[in-house]
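Report on one structure; see the data block that follows.
Order of listing sets the numbers, starting from 1, for every ligand and every atom in it. Side chains included, hydrogens not; waters and symmetry mates left out as well; all remaining heavy atoms used.
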Amino acid sequence: MDREKQRTILDLMRLKQDGRKITAVTCYDYTTAVLAGRAGVDMILVGDSAAQVLLGHRSTLPATMDFMVTITQAVARGAPAACLVADMPFLSYQTSIADAVANAGRFVKEAGAQIIKIEATAAYLDVIKAVSDAGMSVMAHIGIRPQSITKLGRLKAEGTTAELAYELIELSAAMIRAGANSLLLEGTAREVARLVTEKTPVPVISCGSGPDCDGQILVISDILGLADGPLPKFSKRFADLDAAVVKTIEQYAEQVRAGTFPDDSQCYHIKPGEMERLTRMLANTKP
Ligand code: KIV
């Protein structure tokens with residue numbers, strides 16, 4: 001069978017060099033991954049936002065390594081040609097360098113991830129270096145870092161003053177020096193995201209950091225219109241699938257209640273002649 005080749009960091013780099021935008025979505029399950037693969041997105045991130053989108057938690061913090069590996073495997077089966085990025089969940093890399101390398105390696109060995117994403121401040125440059133030195137592609141996630149929610153109290157736009165912008169530009173350069181070969185910039189002022197993208201030799205993916213980055217990513221349930229509650233300022237509904245899904249389930253339930261589903265076309269049947277034999281068998285059975 002002719003299998004489409006899985007995209008890698010090299011494909012993302014080529015898109016940047018050619019000035020073509022990189023398209024990316026998050027995904028957390030096989031069925032949605034098949035659809036994202038059919039839509040031809042370049043990159044799929046199995047984000048720890050799965051803790052919110054799939055499990056209904058208020059933050060990304062409850063995501064565990066075993067859960068993330070399981071859903072990354074499912075997405076890999078559904079979209080084998082997309083560049084698969086796996087997200088290191090809270091406490092999978094903060095505890096030690098050895099934990100970081102071992103957990104990153106699980107995504108590569110057990111799920112076929114091409115790139116490992118790590119939410120990072122300057123305090124994690126050694127983690128970025130260690131994972132990269134171990135032979136893995138690292139995407140440094142800077143700007144808004146949802147795993148720091150309990151420390152910060154709330155998540156707000158980054159790079160909005162000259163000092164904060166300077167710090168972020170310096171941080172992005174330090175991440176590349178440490179070994180990151182792509183960046184994810186979340187919730188960063190557009191002007192600063194543009195500067196980072198211009199100064200950075202590797203692909204810079206924007207999540208809410210404006211149109212001037214090398215690519216864009218959004219949470220899949222947001223773009224499909226399946227999200228529960230209001231979207232962040234930077235996100236956008238491209239469809240209202242929630243209404244279509246509710247209507248479809250209502251129609252199914254109505255037909256079940258009315259007895260019109262299932263009809264005979266959805267039934268299996270006993271083989272010809274077997275009903276007569278069964279009737280005789282039942283008649284001979286002692287009560
Ligand atoms: O976990 C996630 O889905 C992410 C994206 C929002 C970038 O980190």
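- The side-chain heavy atoms of Leu185 and Ile142, taken from C-beta on, include a pair separated by under 4.5 Å.
- With Ser172 contributing its side chain and Glu170 its backbone, the two residues share no donor-acceptor pair below 3.5 Å.
- Looking at Gln114, its side chain never comes within 3.5 Å of a backbone N or O of Ile9 through a donor-acceptor pair.
- At a heavy-atom cutoff of 4.0 Å, ligand 1 is surrounded by Thr26, Leu45, Gly47, Asp48, Ser49, Asp87, Lys117, His141, Leu184, Cys207.
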Legend entry - Step-by-step side chain to side chain donor-acceptor pair (under 3.5 Å) determination, Asp212 to Thr197: CA-CA 7 Å; Asp212 308 310; Thr197 306; over 6 Å; no

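- The minimum heavy-atom distance linking Ala140 with Ile128 is given by the pair CB-CD1, 4.2 Å.
- Sorted pairs that involve residues 46-63 and meet salt bridge (Lys or Arg N to Asp or Glu O under 4.0 Å), not counting sequence neighbours, are lacking altogether.
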